[in-house]
**Student:** 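I am attaching a structure below and will ask some questions about it afterwards.
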2 protein chains.
Amino acid sequence: MRTRNATGTSPRVIGRLCLYLRFLQDLGARGVGWVYSRELAWSAGVTPSQVRQDIMGIGYQGSAQHGYEVDKLAEAIHEKVGVADEARVILIGTGNLGRAILQFFQRNHPRMELVAAFESDIFLVGSRLHGIPILGLGELEATVRDQDIRMAILAVPENEAQNGADRLVSAGVRSILNFTPNRLHVPEGIYVEDTDIGISLVRAAFFGCCGKGVKV
Amino acid sequence: MRTRNATGTSPRVIGRLCLYLRFLQDLGARGVGWVYSRELAWSAGVTPSQVRQDIMGIGYQGSAQHGYEVDKLAEAIHEKVGVADEARVILIGTGNLGRAILQFFQRNHPRMELVAAFESDIFLVGSRLHGIPILGLGELEATVRDQDIRMAILAVPENEAQNGADRLVSAGVRSILNFTPNRLHVPEGIYVEDTDIGISLVRAAFFGCCGKGVKV
DNA sequence: TAGATTGTTAATCGATTAACAATC
DNA sequence: TAGATTGTTAATCGATTAACAATC
């Protein structure tokens, strides 16, 4: 199963564009005006060839003489990827992981807006965590519909994962950032981004200790 | 740049084996004795073909009649991936993210052992967080050497990321689970697993809101 | 100019899927 | 047996890299 969109942009390309954008913003802040694919490649840990492919993919053109204009390229990438800025998001689950995500929003204040967090524990409902209102799970569907929410962060206990996803999807959510250790079964057209710390730990242990991981 | 090891096991395969293992352990606990590739595939969100490929890769054989024996297959996967159980890990940085990771260890108690956490704030050094001793960054190298640590979790502020990685590598660490938003530059043979919540958010927003993500 | 870089196509590489004989 | 499944090879698909003409 692959994810694609109309323009052929894959999740991997989006990830790399984000990395380029961070580097470009950094360069811009330092007053650097131009950058070569080689330098962008270095910042993102990829090849210059791939950088040029990615930039070709968003239709931006550089100069063979000076490389890419920092501000212009940043703008071009932002035009492609900047939907994140307008995204309004909800969080389901305010356990340890949920609270870490709330903190992430409070600290890094990504431009996307965290509208509300949902929680089944009625003692928490009605309060606020890191400035975000905690609503009861019963209000989930109404909130998604009324506020036209298209994206949700799922951080509920494992045994509620699929049920939570089902409710989100039927309420109208189009993409889920899944922090549960389960793989979610969703209809076609719904995007799921899995984040699995347990697997990341095992992978690092495997390649670090015994797998003799080798970059080739 | 790809990561490979002697036996050809890629990070993706390891990730899927972990998912199969979780499902198998669940089945085992429920007293189920046999499982088909179709069911394993469903649990991990992949195709039965891929499941059979992965299982072939670890050298386990099933039966065309009953599928795979749950306990035996779990054991075979565990034999491949179970190095994680013996891994001893250190954490660098005890900010918000670092503390979330400490909580993760305390709650999910993965079998790998979190030996110590390192912190530059001298007011925290000497105390314990979630049962884990907090040491000063000056003790990093000695600890890695004396305790033969091969894996580290990097959760320092962005501007200390590369420096932290350099110190870890030169002290002898072989793999890094990187929670900073930077891509680390490490020598060949060192494995880095990147976890980037910011990018995950942007991806989900992109494919949920405007990218019209479609599973194909 | 000479040298370095981009844009873009072609080649390569790896990962996934399909197909099907063998099996029970 | 008939039907379903595995093991395994071949085909497909996608992503990455290499190559090189065009450019300045």
Side-chain angles (χ1 to χ4, degrees), chain A residues 1-17 19-20 24 32-42 44-70 72-73 76-77 183 203 207 213-216, chain B residues 1-17 19-20 24 32-70 72-73 76-77 183 203 207 211 213-216:
Chain A
M1 235 106 56
R2 280 277 148 59
T3 301
R4 242 198 228 163
N5 74 351
T7 60
T9 317
S10 72
R12 290 194 167 192
V13 174
I14 299 294
R16 290 195 299 266
L17 289 173
L19 293 174
Y20 306 153
L24 289 165
V32 178
W34 295 82
V35 65
Y36 295 121
S37 61
R38 175 168 35 87
E39 301 166 298
L40 285 160
W42 178 86
V46 299
T47 62
S49 211
Q50 188 156 60
V51 170
R52 297 202 297 275
Q53 286 273 19
D54 291 339
I55 290 174
M56 192 177 65
I58 60 169
Y60 183 79
Q61 298 239 354
S63 126
Q65 221 169 358
H66 306 105
Y68 302 95
E69 204 169 342
V70 170
K72 297 268 180 62
L73 177 56
I77 294 178
R183 287 309 171 267
R203 266 209 281 247
F207 288 104
V214 171
K215 291 231 170 164
V216 287
Chain B
M1 234 107 53
R2 279 276 147 60
T3 300
R4 241 197 228 167
N5 74 350
T7 61
T9 316
S10 70
R12 291 194 167 192
V13 175
I14 300 293
R16 288 195 299 265
L17 289 173
L19 294 174
Y20 306 153
L24 289 165
V32 178
W34 296 83
V35 65
Y36 295 121
S37 62
R38 175 167 33 89
E39 302 167 296
L40 285 160
W42 178 86
S43 81
V46 300
T47 62
S49 211
Q50 189 156 57
V51 170
R52 297 202 297 276
Q53 285 272 21
D54 291 338
I55 291 175
M56 191 176 68
I58 61 168
Y60 183 79
Q61 297 239 354
S63 127
Q65 222 171 355
H66 306 104
Y68 303 94
E69 203 170 343
V70 169
K72 297 270 180 61
L73 178 55
I77 294 178
R183 287 309 171 267
R203 268 209 280 247
F207 287 106
V214 171
K215 291 231 171 165
V216 287

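Residue numbers begin at 1 in each chain, while the letters A, B, ... track the order of the sequences. Quick caveat, the model's predicted, so the values are computed rather than measured.
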**Student:** Is a side-chain donor or acceptor of B:Glu39 paired with a backbone partner of B:Tyr36 at a separation under 3.5 angstrom?
**Tutor:** yes

**Student:** Between B:Gln65 (CD) and D:dG7 (C1'), how many Å, whole number?
**Tutor:** 16 Å

**Student:** Whole-Å distance between C:dA15 P and B:Gln50 CD?
**Tutor:** 10 Å

**Student:** Check the distance between D:dT16's P and A:Arg12's CZ and give it to me in whole angstrom.
**Tutor:** 5 Å

**Student:** State whether B:Ser49 places a side-chain N or O below 4.0 Å from either non-bridging phosphate oxygen (OP1 or OP2) of C:dA18.
**Tutor:** no

**Student:** Let me spell it out: for each of A:Val35 and B:Ser63, pick the nucleotide of DNA chain C with the closest heavy atom. Which residue's pick is nearer the 5' end?
**Tutor:** A:Val35

**Student:** Could you please name the partner base of D:dC13, counting Watson-Crick and G-U wobble pairs only when both distances are under 3.5 Å?
**Tutor:** C:dG14

**Student:** Give a yes/no answer on whether the side chain of B:Arg38 brings an N or O atom under 4.0 Å of OP1 or OP2 in D:dA4.
**Tutor:** no

**Student:** Which residue lies toward the 5' end of DNA chain D, A:His66 or A:Arg52, if each is placed at its nearest nucleotide?
**Tutor:** A:Arg52

**Student:** Could you check how far OH of A:Tyr36 sits from C1' of C:dT6, rounded to whole Å?
**Tutor:** 11 Å

**Student:** Round to the nearest Å and state the distance from B:Tyr68 atom OH to C:dT23 atom C1'.
**Tutor:** 13 Å

**Student:** What is the distance, rounded to the nearest whole Å, between atom CD of B:Gln53 and atom P of C:dA18?
**Tutor:** 12 Å

**Student:** Side chain of B:Thr47 only, heavy atoms from C-beta on: which candidate in C:dT17, C:dT8, D:dT5 is closest?
**Tutor:** C:dT17

**Student:** Can you tell me if B:Arg38 uses its side chain to pair, donor with acceptor, with the backbone of B:Pro48 under 3.5 Å?
**Tutor:** no

**Student:** Specify the separation, in whole Å, of atom CD of B:Gln61 and atom C1' of D:dT8.
**Tutor:** 10 Å

**Student:** With a 4.5 Å heavy-atom cut-off, do B:Tyr60 and B:Tyr68 have their side chains touching?
**Tutor:** yes

**Student:** When you measure from the side chain of A:Arg183 to the backbone N and O of B:Ser43, does any donor-acceptor pair fall under 3.5 Å?
**Tutor:** no

**Student:** Go through the steps for B:Leu40 and B:Leu73 under the test side chain to side chain contact (heavy atoms under 4.5 Å, CB included), then give the verdict.
**Tutor:** CA-CA 11 Å; B:Leu40 285 160; B:Leu73 178 55; 3.9 Å; yes

**Student:** Under a 3.5 Å cut-off for both contacts, is D:dA19 paired Watson-Crick or G-U wobble with anything, and if yes, with which nucleotide?
**Tutor:** C:dT8

**Student:** Can you check the B:Glu69 CD to D:dT5 C1' distance for me, whole Å?
**Tutor:** 16 Å

